[in-house]
Amino acid sequence: MAPARVYEHPETDEIAIPRVLFALSEPLRLSMVRTLAERGEVDSIELGPDLPRSTLTHHTSLLRETGVVFVRAEGRKCMIRLRRDDLDKRFPGLIDTVLAGYQEAPPAREDA
């Protein structure tokens, strides 16, 4: 039997605002974070069922490495959840503010 996968995560006090903002600046990752905020822990495949596995892995790894999400192995699944408590401790209100702004963004103009 293969050993369980172990994922490295930054400690709460190591989470840096520039890295978090970079992670949240990409629309796909921001959409993933919104899904996690709404649904809680999910199998990572649910965050991008139509994405190539390599693309999904890239984006979820970046979110994990920046401290935005926590990832754990559960059998063959890769369970992922938002580190809301840690992020709120470091940067109170950041996630709610970013998600509120993202949800309220006007649709892109076709002539732009």
J.: Show me the donor-acceptor pairs, under 3.5 Å and distance only, between side chains in residues 44-57 and residues at least two apart or in other chains.
T.:
unit_1: S44; atom_1: OG; unit_2: C78; atom_2: O; d: 3.4
unit_1: E46; atom_1: OE1; unit_2: R39; atom_2: NH2; d: 2.4
unit_1: T57; atom_1: OG1; unit_2: R53; atom_2: O; d: 2.9

J.: Of all heavy-atom pairs between L82 and L87, which one has the smallest distance, and what is that distance?
T.: CD1-CD1, 4.1 Å
J.: More than 12 heavy atoms of other residues, nucleotides or ligands under 6.0 Å from CD of E8: yes or no?
T.: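 No - once you tally the heavy atoms of other residues, nucleotides and ligands closer than 6.0 Å, there are 12 at most.
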J.: With distance as the sole test, does R29 use its side chain to make a donor-acceptor pair with the main-chain N or O of A23 at under 3.5 Å?
T.: yes
J.: Is there a path of hydrophobic side-chain contacts, each under 4.5 Å between heavy atoms, that joins L21 and M32?
T.: yes
J.: Would you say that E41 contacts I80 through its side chain, given a criterion of any heavy-atom pair below 4.5 Å between the two side chains?
T.: no
J.: T60 versus V69: any side-chain heavy-atom pair under 4.5 Å?
T.: no
J.: Using the rule that two of Ile, Leu, Val, Met, Phe, Trp, Tyr join whenever any of their side-chain heavy atoms come within less than 4.5 Å, decide whether L62 and L24 are in one cluster.
T.: no
J.: If hydrophobic clusters are built from ILVMFWY residues whose side chains come within less than 4.5 Å, do V33 and L28 share one?
T.: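 Same cluster.
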J.: Are F22 and I17 connected, step by step, through hydrophobic side chains (Ile, Leu, Val, Met, Phe, Trp, Tyr) whose heavy atoms are closer than 4.5 Å?
T.: no
J.: Among M79, R5, H9, exactly one meets side-chain contact (heavy atoms from CB on, under 4.5 Å) together with V71. Which residue is that?
T.: H9
J.: Which residue pairs pass the side-chain hydrogen bond (donor to acceptor under 3.5 Å, both in side chains) test when at least one of the two sits in residues 79-91, sequence neighbours left out?
T.: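 Listed by first then second residue: T12-D86, R83-D86, R84-D96.
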J.: Under a 4.5 Å side-chain heavy-atom rule over Ile, Leu, Val, Met, Phe, Trp and Tyr, are L63 and F70 clustered together?
T.: no
J.: Taking all heavy atoms of I15 and all of F91, pick out the closest pair and write down the distance.
T.: O-CZ, 3.4 Å
J.: Could you check whether any side-chain N or O of R64 sits under 3.5 Å from a backbone N or O of P10, counting only pairs where one atom can act as donor and the other as acceptor?
T.: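 It does not hold such a pair.
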